Amino acid sequence: MRRRPDAVRERETGEGRMSETVPGASVTRLDGDRFVSGSIAYSADLIPVGALHLGIVRSLHASATIVSIDMTAALGMPGVVAGLTGAQAAELCDAMPAAMALPAAAARGPLQSRCLAVDQAVYFGQPVAAIVADSVQAAQAAVAKVAVEYAVHAPTVNARDALREGAPIVQPGWETNLLMRDRIRAGNADDAFARAAHVVKGTMTIAPSTSAPMEPLCYVGEWDRRAQCYVLTGTFQNPHTSRWLVAAALRVKETQVRIVAPAIGGTFGLKMAGHPEEVLVALFARLTGRPVAWVEERRETLLAGARSQHHTFALAADENGRLIGWRDSILADVGIMAAGHSWAMALVTPAVFPTVYTIDNCDVECALAITNHAPWQAIRGYGKEIGNLVIERAIDLMARRTGIDPVELRRRNLVPRDALPRLLPSGLNVDSGDYPAALEQLLPMFGYDAWRARARETRADAIRIGVGIAFELTPEGGARPGNFPNGYETSTVRLTPSGDIQVLTGVTSPGSGSDTGIAQMVAGELGLRVDQVMVTQGDTDVTPVGTGNASSRALMYGGTAALLAARDLRDKLAQCAANMLGGGKADIALRDGFAWLGNTDRKVSIADIALGVHVRPFTVAANVELPLEVTRSFAPANVRVEPDAQGRIATYPTFSYSVHAVAIEVDTELGNSRLLDYAVVHDCGVMINPQLVEGQLRGAVAMGIGTALYEELKYDAGHRMITDRFKSYLLPRATDLPPIRVGHLTTPNPFHPLGMKGAGESGVGGALAAVSNAVADALGGETQLEHVPATPARVIAALSGRHA
C-alpha cells in the first residue's frame, strides 16, 4: 500500500480535517517506496526482448596510428550480427558538434567526437571498432577476436610536458596543445606581497578522479521504420542536448530523434551529453533493424577522468593576520577535446577566488593543456571544489606561520554579511551570505575546543588526531554563453479534466528527488496534496527544451518556472471558481483541494472546476483563456553576459556556502587515516525541502572525503589504466564515514523570487579541504601535504620529506 507523503501535514480546524502542503517542509520523496523496494525501472530494465547487444573495441594505447582493423574472425562468430570500424562508421555518420562553443581566447581544431576513431587513437579506451550480437557474452567474445594493428607513439600524459617547447601535437588537426590561458587580477598583488609581514607559499597537485555513479551508462537505440525516427532510451543527464548532438551526428532532423530518460541511479556530471555510445546504438539499430542495447562495464565507467590540476600559490598577510594578497598559477590537464564541455571546469576553479575571504589583491593565472588522456567528464563540484581546497590549505599554512588559531585567522578575514552582494575578481556577483554566523554556529556544534585539546594531547604519539576547518563557496546555476541550452528553464503546469496536475519540465532528476520538490512547489500554490501532482521529465517529445540536470538548476530554475506557471493557473482557477460560486476572483482562496469563497463555507473542488471547464466552458470558464494549462520560463537576474571593464562576465547567479569541521585520526607509522567526527553548517538560501537538501549535502560530503583520502585514477608505465574496478579505485565505505551532523543557516538570495540558491554541489569542496587540512594538522610541524588524495604512501612520504 502506498504511503501518504509526510508533506501533507494535517491539522484540525473548526471546519473539520484539512490538509496543507507547505513548501519548506521535508516532504517524503514521491515514489520513494518504489525506489527502496526495487520497483523502479532503470534503463537496463527497459532493454526489450530480442535486442542486440553492443560490444566496443577500445584502444589499448594512449597514442597510436590505427594501421589496420581485421574483423573477419569476429563477424564469423556465433550470434554476431554486424560490426563497424571507424572508417565505415564515418561513411554513415558525422562527428558530434561541440555542446558548448570554445571561448574566444581558445585554440580551435577538430574535436575527437566521432563514435569510432578514424586513423588515430588519442587516448586509452577510445572506441575504435564495434560489434553487435544477440547476447552480451557473444558481443564480448567477438570483441576479443577483433585484430587491431597499431603503430604506437609515445603519449603526452602530463600537462607540463604538453606545453613545453617542441612538444608533439596531441590532438590531430590542432596547432598547439594549449587550449587557452586566462588571468584574473584585482588590486595590486605585487605591492601587497612587497609590504606583507607574512608570506606562505606552497604547491598542490590534485590527482585525476571520477564520479563513479552506482548506475553506469546504459543506452537502448531503436529505429522506427514507419515513423522514420530514432528512439533512444537511457541514462541521459541532458536529454535535449543529446537529441541535438545525436541528430547532427546521424545527419537527420532533430525531430527524427526522441530521447527518453527514465529513472537514473546517480549522475554527478558523468552522464552529460556527448558520449560516443549514444550515436553507436542508434547507428546499429538502423543498420540491423533491431533494438540495440549497451550497458557500460565498471571498467569503462572508470575511464572518465577529471580534476587533474597543479597549483603553485602564495598568500600574504599583514602583522595582524589580515590577508592582503593571493597568487595562484594553475596548470590543468583537460585531456582530449571532444563534444562535451567538461574542460570548462578548469576555468571555474580560478573564478571562485578568494571565496569567502576579504583579499583585495589577487593575481591568478590558469593554463589548460590538451593531453593523451580521455576527455574530461563533468564531476560534482565542477572545478569550484579545487579552488576552495587550495585557498583553505593556504590559510592553514598561514595560521601555522603566524601562530594564529585557524578558526581565529578565518574569523578575522571573512567577508561580513553587510558587504554582500559583492563582486569577485572574476566578475561573479556573490548574492548573499552570513559567513561569520555560520562559523559561530558550527564551532559549538562540532565541539571545536574539545577536539583541539584532544589533538594537542596526541602530538607525540604514533597515532595522532588532526582537526580541520574549511569554508566552501559554491557558485550554482551556471549560464555560460555558448552552452546549449543556456540561461533559462521552462515548465508547463496542466490541470487534467479529473483534477490532477501534470508538470512538464525541461529539467530532470539525477536520482536526487528534485521532482518531489517541484511537485511540492506547485501543490503549495494550488492548495493540493503533493501526490496529486505528477512531474514528467526526460522525454524530448513531451517536455519543453531544457538543460536536464546540471549546476543545481532543477528546483532553482525548473521548479521556479513551474511555480510561476502554477501561479498563473491559480489565477485562472480563481476566476472559474468565482463564476461558479459568485463574487470576484480576488475573493477566492485555494486550499485543501477546494476553491473557497472568502470566509464563507461555500466551496467547489478543484476536480469539479476542471471537469466543468471541459464540459461547460462558456459558463464555468467565462473570461478565462483556455486551456487550463500554463507554460512559463525562468531566467535568473544575477547573470551578466556583457563584459565589464575587465572583460569579465557573471555566469553564476547564486552562491551557496558551507563551513566544515572534521576530526581525523592518522597513523604516522602506516599512513592510514580514520575519520572520527564531522559537522557542517550550510546555507543555500530558502529551502523548499530540507530533507532533500540534507541528502544532497551528505552525499557531497562523502564524495569530498573520498577525493581527499582515497580516489585516484592510476596508469601503468604504458599509460594503461590500472584502476579499473572498486578494488583498485577506492571509494569511501559506509564504515569509513562518521555520522555527518548538519546545521542550516538561511540568508535569502535577493535576486531570486523565492530567495533560493542551488543545493546540488555544496559539500564536495568543503569536505575535500577540511579533511586535507585535518590530515596536515595531524602530521604537524613543517610537514607539507602537497598531493590529493592523501593516501597512506603520500602521508608516509610527507613525513619523511619525500614525494609519492
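By convention here, the first residue in the shown sequence is residue 1. Source: prediction; values computed, not measured.
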Q: CG/L302 to CD1/I722 distance, rounded to the nearest 0.5 angstrom?
A: 12.5 Å

Q: Any donor-acceptor pair under 3.5 Å linking the side-chain atoms of T349 with those of Q309?
A: yes

Q: Is there a salt bridge (Lys or Arg N to Asp or Glu O under 4.0 Å) between E365 and R327? Walk through the geometry before answering.
A: CA-CA 8 Å; E365 55 183 355; R327 284 189 181 130; over 6 Å; no

Q: Are the side chains of L785 and N773 in touch, meaning some heavy atoms are under 4.5 Å apart?
A: no

Q: If we ignore hydrogens and angles and just use 3.5 Å, is the side chain of N388 paired with the main-chain N or O of L473 as donor and acceptor?
A: yes

Q: Would you sort out whether I336 and V170 count as a side-chain contact (heavy atoms from CB on, under 4.5 Å), showing the intermediate values?
A: CA-CA 8 Å; I336 289 296; V170 169; 3.5 Å; yes

Q: Kindly determine whether T267 and N549 satisfy side-chain contact (heavy atoms from CB on, under 4.5 Å), including the steps that lead there.
A: CA-CA 9 Å; T267 59; N549 68 81; 3.5 Å; yes

Q: With sequence neighbours excluded, tell me which residues meet side-chain hydrogen bond (donor to acceptor under 3.5 Å, both in side chains) with E711.
A: Y729

Q: Which ring-ring contact (aromatic ring centres under 6.0 Å, His included) pairs, counting each pair once, include a residue from residues 149-176, with sequence neighbours left out?
A: H61-Y150

Q: If you take all heavy atoms of K201 and A314, which pair is closest and at what distance?
A: CG-CB, 3.9 Å

Q: Taking the side chain as every heavy atom from C-beta outward, state whether L713 and M721 have any pair of such atoms under 4.5 Å apart.
A: yes

Q: Salt bridge check, K384 against E472: does any charged N sit closer than 4.0 Å to a carboxylate O?
A: no

Q: Under a 4.5 Å cut-off applied to non-hydrogen side-chain atoms, are T205 and V788 in contact?
A: no

Q: Calculate, to the nearest 0.5 Å, the distance between atoms CD1 and CG belonging to I370 and L178 respectively.
A: 8.0 Å

Q: Indicate yes or no for a side-chain donor-acceptor contact from E392 to the backbone of A770 under 3.5 Å, with no hydrogens or angles considered.
A: no

Q: With a 4.0 Å cut-off, would you call E277 and K271 a salt bridge?
A: no

Q: Quick one: does R181's side chain have a donor or acceptor within less than 3.5 Å of a partner on C366's backbone?
A: no

Q: Hey, what do you get for CG (N483) to OG1 (T241), rounding to the nearest 0.5 Å?
A: 7.0 Å

Q: If the test is side chain to side chain contact (heavy atoms under 4.5 Å, CB included), which one of I264, V295, T235 qualifies with S43?
A: T235

Q: Which heavy atom of G274 sits nearest to which heavy atom of M96, and what is that distance?
A: CA-SD, 3.7 Å

Q: Hey, is the main chain of I740 close enough, under 3.5 Å, to the side chain of R698 for a donor-acceptor pair?
A: yes

Q: Taking distance alone, no hydrogens or angles, what donor-acceptor pairs closer than 3.5 Å link side-chain atoms of residues 119-129 to residues at least two apart or in another chain?
A:
residue, atom, partner, partner atom, Å
Q126, OE1, V122, N, 2.7
Q126, NE2, Q112, OE1, 3.2

Q: Would a 4.5 Å heavy-atom cut-off, applied to side chains only, mark D333 and L331 as touching?
A: no

Q: Measuring only between side-chain heavy atoms, which start at C-beta, is D328 closer than 4.5 Å to V390?
A: yes

Q: Between F353 and H311, what is the ring plane arrangement, given parallel below 30°, perpendicular above 60°, and tilted in between?
A: perpendicular

Q: With no hydrogens and no angle check, is any side-chain donor or acceptor of T65 less than 3.5 Å from a backbone partner on V67?
A: no

Q: Hey, are the side chains of I66 and T85 touching, using non-hydrogen atoms and a 4.5 Å cut-off?
A: no

Q: Sequence neighbours left out, what passes ring-ring contact (aromatic ring centres under 6.0 Å, His included) with Y42? Give chain and number order.
A: none

Q: For residues A162 and N177, report the shortest heavy-atom separation together with the two atoms involved.
A: O-ND2, 3.1 Å

Q: Rounded to the nearest 0.5 Å, what separates atom CE in M214 from atom CG in L731?
A: 10.5 Å

Q: Less than 4.5 Å apart, side chain to side chain, heavy atoms only: is that true for T668 and I463?
A: no

Q: Minimum heavy-atom separation for V146 and A74, please, with both atom names.
A: CG2-CB, 3.7 Å

Q: Tell me, do Y710 and T791 make a side-chain contact under 4.5 Å, heavy atoms counted?
A: no

Q: Rounded to the nearest 0.5 Å, what separates atom CG in L709 from atom OG in S673?
A: 5.5 Å

Q: Is the backbone of R733 close enough, under 3.5 Å, to the side chain of D736 for a donor and an acceptor to pair up by distance?
A: yes

Q: Tell me every residue that passes side chain to side chain contact (heavy atoms under 4.5 Å, CB included) with S342, counting only those two or more places apart in sequence or in another chain.
A: M345, W376, A378

Q: What do the steps show when you test Q88 against L92 for side-chain contact (heavy atoms from CB on, under 4.5 Å), and what is the final call?
A: CA-CA 7 Å; Q88 292 168 332; L92 303 171; 5.9 Å; no

Q: Ignoring hydrogens and angles, tell me if any N or O in the side chain of E300 forms a donor-acceptor pair with the backbone of E297 under 3.5 Å.
A: yes

Q: Show, in sequence, the C-alpha distance, side-chain angles and deciding distance for E786 and R393, and conclude whether the salt bridge (Lys or Arg N to Asp or Glu O under 4.0 Å) test is met.
A: CA-CA 9 Å; E786 298 180 337; R393 283 295 303 125; over 6 Å; no

Q: Rounded at 0.5 Å granularity, tell me how far CD in Q696 sits from OG in S762.
A: 10.0 Å

Q: Output yes when a side-chain donor or acceptor of S426 lies under 3.5 Å from a complementary backbone atom of A351, and no otherwise.
A: yes

Q: Taking only residues two or more places apart in sequence or in another chain, which ones pass side chain to side chain contact (heavy atoms under 4.5 Å, CB included) with L111?
A: A98, S113, M337

Q: Mind telling me whether Y715 and H373 have parallel, tilted or perpendicular rings, with 30° and 60° as the class edges?
A: tilted

Q: Which pair of non-hydrogen atoms, one from V281 and one from L54, has the smallest distance, and what is that distance?
A: CG1-CD2, 4.0 Å

Q: Would one find more than 12 heavy atoms of other residues, nucleotides or ligands at under 6.0 Å from atom CZ of R725?
A: no

Q: Test side-chain contact (heavy atoms from CB on, under 4.5 Å) on F313 and V364; report intermediate values, then the result.
A: CA-CA 9 Å; F313 61 84; V364 180; over 6 Å; no

Q: Over all heavy atoms of both residues, which pair between R307 and E385 is shortest? Give the atoms and the distance, please.
A: NE-OE2, 2.7 Å

Q: Just by modelled atom types, is the G381 backbone N or O under 3.5 Å from a matching donor or acceptor in the E761 side chain?
A: yes

Q: Would you call E175 and R108 a salt bridge, taking side-chain N to carboxylate O under 4.0 Å as the test?
A: no

Q: Within the side chain of T371, is there an N or O that forms a donor-acceptor pair under 3.5 Å with the backbone of V157?
A: no

Q: Set out, in order, the CA-CA distance, both residues' side-chain angles and the distance that settles side chain to side chain donor-acceptor pair (under 3.5 Å) for N372 and H719, then state yes or no.
A: CA-CA 9 Å; N372 288 117; H719 206 68; over 6 Å; no

Q: Heavy-atom count check: over 12 atoms from other residues, nucleotides or ligands less than 6.0 Å from R720 CZ?
A: yes

